[in-house]
2 protein chains.
Amino acid sequence: MLILTDFIVPDLKIAPRDGGYARGQDGFEQILRAALTLLVEHGSGALTLRRIATESGMNVGNLNYYFRSKDELIRELLNAVISSYEDSFDAIMHEPGATAAERLEKLVTLILEDITTKKTTRFFPELWVLSNHDPFVQDRMEELYDRARVSLNELIAEINPALPADERETLALFISASMEGLTVFAGYEKPWRSRMPWFEQIAKRSFVTLARELKPGEIKGLSPDAA
Amino acid sequence: MLILTDFIVPDLKIAPRDGGYARGQDGFEQILRAALTLLVEHGSGALTLRRIATESGMNVGNLNYYFRSKDELIRELLNAVISSYEDSFDAIMHEPGATAAERLEKLVTLILEDITTKKTTRFFPELWVLSNHDPFVQDRMEELYDRARVSLNELIAEINPALPADERETLALFISASMEGLTVFAGYEKPWRSRMPWFEQIAKRSFVTLARELKPGEIKGLSPDAA
DNA sequence: TCCAAAATTAGTCAATTGCCAAAATTTGAT
DNA sequence: ATCAAATTTTGGCAATTGACTAATTTTGGA
């Protein structure tokens, strides 16, 4: 059985530009879309102005008309992709469901299935690497994950109202990190991709249990250097 | 308070070379060490032959004597670093502890503390990115994680002997992925680095519970496309 | 239709890249 | 001490990179 959504050109969220012709907006978007395709298909090493120009059917010099430098182009690209994820998260956040636990399970399903797409599997590790040496990327990435955790936080609060805010936030972080980690093992074309349904079951069971049964103070119970 | 272990040059495991002088073995190691330092400190973009030559106090042309191509140099580098981790995992595997659950907790502590080192936080995301477009890296990485999971598997089997092998392996994968995911959030110089002790508590509690309480067939219970 | 702004093209520049060949030097067994 | 093998240096090459300028074409409001 083939999955049909694989070759969809990934989405970008591009802010409308100030004063300009319609063609300009198109060109702007074409360039970023070409850059994203190259990044996803061939990695950051393929992100040269000439390859982006070729991929977008444009002249090299024209890229310099839209973007003062390659650095600015890449920043705009990351910004556009990250914004598209923020939109997705906002949409996911309002998914209906009966109980809070059921909505948490639904959220886990949506996130883990997004992880198996080519776009997500390829883009996020690139983001993680860039964030190691670029403060701008680090800030923007932190902002993205903060927003992605909002719904997680709300659900945990609903499931376990007694849990203090800082412990709740820590649990949300742990859950988020757990799921992100699956990218490398069960993402697109990864060796354990086919086991993602099982991972989903374990994740749901584990996360709901944690949210339900964590007692206030339990996490901080032991000082980290206690033998 | 300053942490003093940050600037330690990361370890490499380099196989002794066939026929050659002692100086040759030194040069070989110097080059790979310089390359790793550059990768960790400045990212893969800094991995040019000239920068590696400067960093290792060598001439550019000499790199071509040791390595037929830049590609071969990088492969040898990844191989050497991965081998060093495999050694570490083998050492960790034989850590003593009373019960299996206690040994599992100890293993979690060791892995999560390794994640906060500069070497690990910086190197692994680079590896993940490279694996997306390089089958050699993908194979080698899979081999590394396979070996890292051996002890995890044994401990789960001891804690819950009734769990079938494939479900046990899936749980080990989930646990491993969970911890790897923390790299991006609580690794070296990451925003939630200071909460790593809390993450450790949650992880121990969660993983031990899963290992103890998962029932055979529970993971595969629902077919993935059941609404 | 006209025309200024917007968008695109063509061509060039210095810098950097990986790679290579030939000469010079160092090593260590004999 | 000798000498072949191993290592290092020197100098350069062709290709690619990001950036820039000037000329050309397209756009869409007046």
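Convention: sequence-line order gives letters A, B, ...; per-chain numbering from 1. Predicted, not measured: the structure shown is a model, and the values here were computed from it.
Nearest to the side chain of Y65(B), among dT7(D), dA6(C), dT9(C), sits dT7(D). Taking every side-chain heavy atom of Y66(B) into account, dT7(D) is the closest of dG18(C), dT7(D), dA19(D). Checked against dA19(D), dT8(C), dT8(D), the side chain of N64(A) finds its nearest nucleotide in dA19(D). For Y21(B), the listed nucleotide lying nearest its side chain is dT7(D); candidates were dG18(D), dA19(D), dT7(D). Closest contact between the side chain of T48(B) and the listed nucleotides dT7(D), dG18(C), dG28(C) involves dG18(C).
Protein atom CD of E29(B) is 14 Å distant from nucleotide atom P of dT7(D), rounded to whole Å. Straight-line distance from the CZ atom of F28(A) to the C1' atom of dT27(D): 19 Å, rounded to whole Å. Residue D18(B) contributes atom CG, which lies 13 Å from atom C1' of dA5(D) at whole-angstrom precision. Atoms CZ (F67(A)) and P (dA7(C)) sit 12 Å apart, rounded to a whole Å. The CG-P distance, from L49(A) to dA14(C), rounds to 19 Å in whole Å. Rounded to whole Å, atom C1' of dT8(C) lies 17 Å from atom CD of Q25(A). Atom C1' of nucleotide dT17(C) and atom CD1 of I52(B) are separated by 12 Å, given to the nearest angstrom. Rounded to an integer number of Å, the gap from N62(A) CG to dG11(C) P is 16 Å.
Within the nucleic acid shown, G61(B) comes within 4.0 Å of at least one base atom, counting heavy atoms only. Nucleic acid contact class of L73(B) (heavy atoms, under 4.0 Å, all strands): none.
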Take V184(B) and W192(B) through the test side-chain contact (heavy atoms from CB on, under 4.5 Å) and record every step on the way to the result.
CA-CA 9 Å; V184(B) 185; W192(B) 306 105; over 6 Å; no
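In summary, of the residues considered (I156(A), L152(A), N153(A)), a side-chain contact (heavy atoms from CB on, under 4.5 Å) with E169(A) occurs for N153(A) alone.
Here R23(A) reaches the OP1 or OP2 of dT27(D): one of its side-chain N or O atoms lies under 4.0 Å away. At dA7(C), one or more side-chain N or O atoms of R17(A) fall inside 4.0 Å of OP1 or OP2 (strictly under the cut-off). Contact between the side-chain N/O atoms of N59(A) and the OP1/OP2 oxygens of dT9(C) is not found at any separation under 4.0 Å.
Relative to the ring axis of Y188(B), R122(B) does not place its NZ or CZ within 45° and under 6.0 Å from the centre. Relative to the six-membered ring of F123(B), K118(B) misses at least one condition, a distance below 6.0 Å or an angle of at most 45° to the axis.
Between D71(B) and A22(B), the residue anchored closer to the 5' end of DNA chain C is D71(B), taking for each the nucleotide with the nearest heavy atom. Mapping G19(B) and L63(B) onto DNA chain D via the closest heavy atom, the residue that lands nearer the 5' end is G19(B).
The minimum heavy-atom distance linking K190(B) with S131(A) is given by the pair NZ-OG, 3.2 Å.
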